[in-house]
Every structure is written in C-alpha cells, then in structure tokens.
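To find a chain, count down the sequence lines: A is the first, B the second, and so on, and within it residues start at 1. The analysis underlying the following values was restricted to heavy atoms, covering all of them including side chains, and did not include hydrogens, waters or symmetry mates.
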There are 2 protein chains.
Amino acid sequence: MSGSRHDTPALTARLDDFLCFSIYAAEHAFSRAYKPLLAEIGLTYPQYLVMTVLWEEDDQSVGQLGTKLSLESSTLTPLLKRLEAEGLLTRHRDKQDERVVRVKLTQPGDKLRNRAAKIPACILSASGMSLDELGKLRDQITQLTKRLEEAV
Amino acid sequence: MSGSRHDTPALTARLDDFLCFSIYAAEHAFSRAYKPLLAEIGLTYPQYLVMTVLWEEDDQSVGQLGTKLSLESSTLTPLLKRLEAEGLLTRHRDKQDERVVRVKLTQPGDKLRNRAAKIPACILSASGMSLDELGKLRDQITQLTKRLEEAV
DNA sequence: AACGATTAAATCGTATACGATTAATTATCG
DNA sequence: CGATAATTAATCGTATACGATTTAATCGTT
C-alpha cells in the first residue's frame with residue numbers, strides 16, 4: 001500500500017466536514033424548495049429577494065439594493081431589467097443626481113406581495129424547525145458572515 | 001396614513017428575518033473569502049469543491065460527483081472540461097458501461113492537493129469560530145438541508 | 001434476439017454572479 | 001472657475017446553475 005496517494009488522507013479534509021459546503025448545500029436546498037412556490041408567481045429566487053427588499057421599502061437605488069443583497073450592479077442591472085419588462089417595477093434616473101437609478105414598484109409589483117405572503121410559512125413548515133430554533137440558527141450564520149466579511 | 005401600502009408590514013417579513021437569506025449571504029461571504037486563496041492555485045470555488053471530492057476519492061463518475069455536490073451534468077460537464085483543459089484531470093468513457101464518464105486526477109491535479117491543504121485553516125481562522133462551534137453549526141445546517149430535501 | 005423503458009452525459013436556452021472596464025455625472029480642491 | 005477625483009450604473013467576458021431535451025448505451029421483458 002505504501003506510496004499510494006491515499007496514504008495521507010489528513011492532508012484533505014472530507015467535503016462533509018466543511019462548514020462552507022454545508023452552507024453551499026443548504027443554499028441549493030432553499031433554492032429548490034422555493035422554486036415551485038415562486039414559479040406560481042413567476043419569480044426566480046434572486047428576483048424574489050429583490051422584490052422582498054422593495055416590499056420592505058419602496059423607491060431604492062440600485063446601489064442600496066446591492067448593499068442589502070451583497071450584489072454588484074453587473075448582476076442587478078439585468079435582473080432589474082427583467083422585472084421591469086414583467087411590469088413589476090420601474091427604473092428611472094434620479095432628478096437630483098443623474099448618476100443614481102431609482103427603482104420603484106408598480107401597482108402589479110406591489111400587489112404581488114399578497115400572493116407571496118404565504119411563502120415564508122411554507123418554507124418554515126418544510127424546514128421542520130420551530131421559529132425559535134430557526135432564529136437562533138439564523139443569528140449564528142449572520143454572525144459568521146459578519147466575521148468572514150471583516151476578515152477579507 | 002390609512003390606505004397606504006405600508007399599513008400592513010406583517011404581510012412581508014423583513015429580509016433580515018429570513019434564514020434563507022442568512023444562508024444566501026453566508027454563501028456569498030464564503031465564496032469571497034475563498035476567492036483570493038483559490039486564485040493562487042488557479043481554481044474557482046465550485047472547481048475547488050469538485051477537486052476536494054476527487055482528492056477524497058479518485059476515479060468517480062460524473063453522476064457520483066453530481067450526487068455528492070448536488071449538481072446536474074449540465075453544470076458539471078463544462079466545469080470538468082475546464083479542469084481537463086487545465087490538465088488537472090481526465091475524462092474517459094467507462095469500458096464496462098460506455099454511458100458512464102469516469103473522472104480521474106492527473107499527477108498535477110493530485111499534486112495540487114498539497115498547495116490547497118492550508119486553505120481550510122485560513123478559512124477557519126477567518127471565521128473566528130472554534131472547531132467545536134463550527135462543527136455544531138455545520139451539523140444543524142446539514143440537518144436543515146436534509147429536511148428541506150425531504151419536504152420537496 | 002428484439003424492442004420498449006431506463007439510465008448517463010451532453011447540449012441548449014435562460015438566469016444569476018463577479019471582476020474589470022467604461023460612461024456619465026457629481027464632488028473636490030487648487 | 002476648472003481640472004481632476006470620486007461615485008454610480010451599465011457593459012463585457014467568463015463561470016456557474018438549472019430544466020428540458022437529445023443522444024447513446026444498457027436493461028428488462030417477453
């Protein structure tokens with residue numbers, strides 16, 4: 001057996017040991033869990049996140065959305081154009097500062113909130129966890145994210 | 001105030017309340033934390049995950065890799081072709097079953113493991129958590145993923 | 001052996017996602 | 001006031017990622 005490349009397993013952690021991979025897998029799982037629910041209202045998962053930010057606070061700039069979602073304009077611009085083409089929002093240059101593009105919900109975009117309202121409960125139920133457990137887990141992950149961002 | 005669209009905030013959970021968003025953000029943070037480290041060895045984050053699976057066990061089919069990473073062949077095939085073009089692995093049809101493509105590390109691909117070996121420790125340090133905390137968090141997330149997958 | 005069902009990858013179209021660059025506008029400082 | 005710096009989106013090139021379809025090979029049943 002000596003000399004085989006499998007003599008030194010300690011060099012490579014097993015994928016299942018990686019916290020980053022558990023997050024990667026969970027992200028996939030969430031995306032898949034949301035997909036059928038979002039398909040009913042014609043949104044993708046990232047589009048749903050953008051709409052959620054706008055339902056929370058309307059009339060935000062591309063930059064504000066990017067900060068909240070950790071996304072670049074190179075990602076947001078095409079995504080927002082698709083939502084605009086769907087008639088869910090408008091994009092207009094800010095009169096005071098023409099560099100800024102302000103994103104506003106249309107009436108259909110605002111109305112969609114009602115149809116999306118039941119989705120979080122579906123996911124909660126699918127997760128099989130209590131609101132309390134979920135909140136604790138969320139806070140731990142958020143703190144981890146904060147530390148990773150500080151370290152970079 | 002009555003009649004404003006902001007009368008019913010309960011309809012829309014705040015984005016920060018979403019566990020799914022904390023995972024989404026953590027996935028981004030991990031990806032960004034890994035990026036400079038992986039750039040040194042010329043890998044992207046998904047490519048690193050594939051290589052990790054192969055370092056763990058060489059000579060796997062595209063399907064096996066897909067199962068372990070929750071990825072479709074439509075994602076893996078182009079990714080594997082890039083790694084093949086880099087000379088890190090080979091792709092060959094299985095002699096016993098020509099439907100199957102077996103992926104094997106080349107010597108450079110195997111050697112890369114040594115250069116990648118220090119990366120997990122860097123991330124661990126950046127996360128600012130103990131191995132024990134990390135393990136507990138990982139197990140909770142893995143369980144959550146399992147439940148979400150079962151519910152779909 | 002034969003033929004329909006199943007399986008494994010690959011392909012295609014669409015949608016993120018990011019870094020680097022560009023374009024347009026605004027701020028700043030001499 | 002005017003040149004330069006800084007800011008904001010948009011654009012471009014590359015790399016995931018998935019669903020649906022296609023292709024090729026194998027399996028199952030008769």
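- Remark: Lys81(A) is not in phosphate contact with dT14(C), judged by side-chain N or O atoms under 4.0 Å from OP1 or OP2.
- Comparing Val101(B) and Glu27(A) by the nucleotide of DNA chain C that holds the closest heavy atom to each, the one mapping nearer the 5' end is Val101(B).
- Following rounding to the nearest Å, Leu80(B) (CG) and dT16(D) (P) show an atom-to-atom distance of 10 Å.
- Counting only residues at least two apart or in different chains, side-chain hydrogen bond (donor to acceptor under 3.5 Å, both in side chains) contacts with residues 75-84 of chain A comprise Glu84(A)-Arg91(A).
- A donor-acceptor pair shorter than 3.5 Å cannot be found between the side chains of Lys136(B) and Gln140(A).
- Proximity of Phe30(A) to Thr145(B): side-chain heavy atoms (C-beta onward) are nowhere separated by under 4.5 Å.
- Whole-Å rounding puts the His28(A) NE2 to dT16(C) P distance at 15 Å.
- As rounded to whole Å, 16 Å separates atom C1' of dT14(C) from atom CG of Leu43(A).
- Expressed to the nearest 0.5 Å, how far CG of Leu83(A) lies from CG of Leu89(A) amounts to 5.0 Å.
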*How far apart are the C-alpha atoms of Val50(A) and Leu43(A), what are their side-chain angles, what is the distance that settles it, and do they pass the side chain to side chain contact (heavy atoms under 4.5 Å, CB included) test?*
CA-CA 10 Å; Val50(A) 168; Leu43(A) 293 178; over 6 Å; no

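- Taking side-chain N and O atoms only, Tyr48(B) has no distance below 4.0 Å to OP1 or OP2 of dA15(D).
- The side chain of Ser74(B) lies closest to dC12(C), out of dC12(C), dA10(D), dC12(D).
- Of the possible donor and acceptor atoms, one in the side chain of Gln60(A) sits under 3.5 Å from a partner among the backbone N and O of Val53(A).
- Counting any heavy atom pair closer than 4.0 Å across all strands shown, Ser70(B) reaches sugar-phosphate atoms only and no base atom.
- Of the two residues contacting DNA chain D, namely Val62(A) and Pro78(B), the nearest-nucleotide position lying further toward the 5' end is that of Val62(A).
- As rounded to whole Å, 21 Å separates atom C1' of dG19(D) from atom OH of Tyr34(A).
- Residue Ser31(B) is classed as having no contact, given no heavy-atom separation below 4.0 Å to the nucleic acid.
- Distance CD (Glu86(B)) to P (dT14(D)): 14 Å, rounded to an integer number of Å.
- As a whole-Å value, the separation of Phe30(A) CZ from dA17(D) P is 18 Å.
- A straight line from CG of Leu49(B) to C1' of dA17(D) spans 13 Å, rounded to a whole angstrom.
- Considering only side-chain atoms of Lys35(B), the nucleotide from dT16(D), dA9(D), dG19(C) that sits closest is dG19(C).
- Annotation: proximity of residues 89-100 of chain B to DNA chain C (heavy atom, distance under 4.0 Å) is found for Arg91(B), Arg93(B), Arg99(B), Val100(B), numbered in ascending order.
- Distances shorter than 4.0 Å separate none of the side-chain N or O atoms of Gln64(B) from OP1 or OP2 on dA8(C).
- One N or O on the side chain of Glu133(B) and one on the backbone of Ser130(B) form a donor-acceptor pair closer than 3.5 Å.
- Distance, Arg32(B) CZ to dG19(C) P: 7 Å, rounded to whole Å.
- Counting non-hydrogen atoms under 4.0 angstrom, Leu76(B) reaches nothing in the nucleic acid.
- Taking the side chain as every heavy atom from C-beta outward, Leu54(B) and Val103(B) approach each other to under 4.5 Å.
- For the OP1/OP2 pair of dA10(D) and a distance below 4.0 Å, the side-chain nitrogens and oxygens of Thr77(A) include at least one atom meeting the criterion.
- At the heavy-atom level, Thr44(B) lies under 4.0 Å from the strands shown only through sugar-phosphate atoms.
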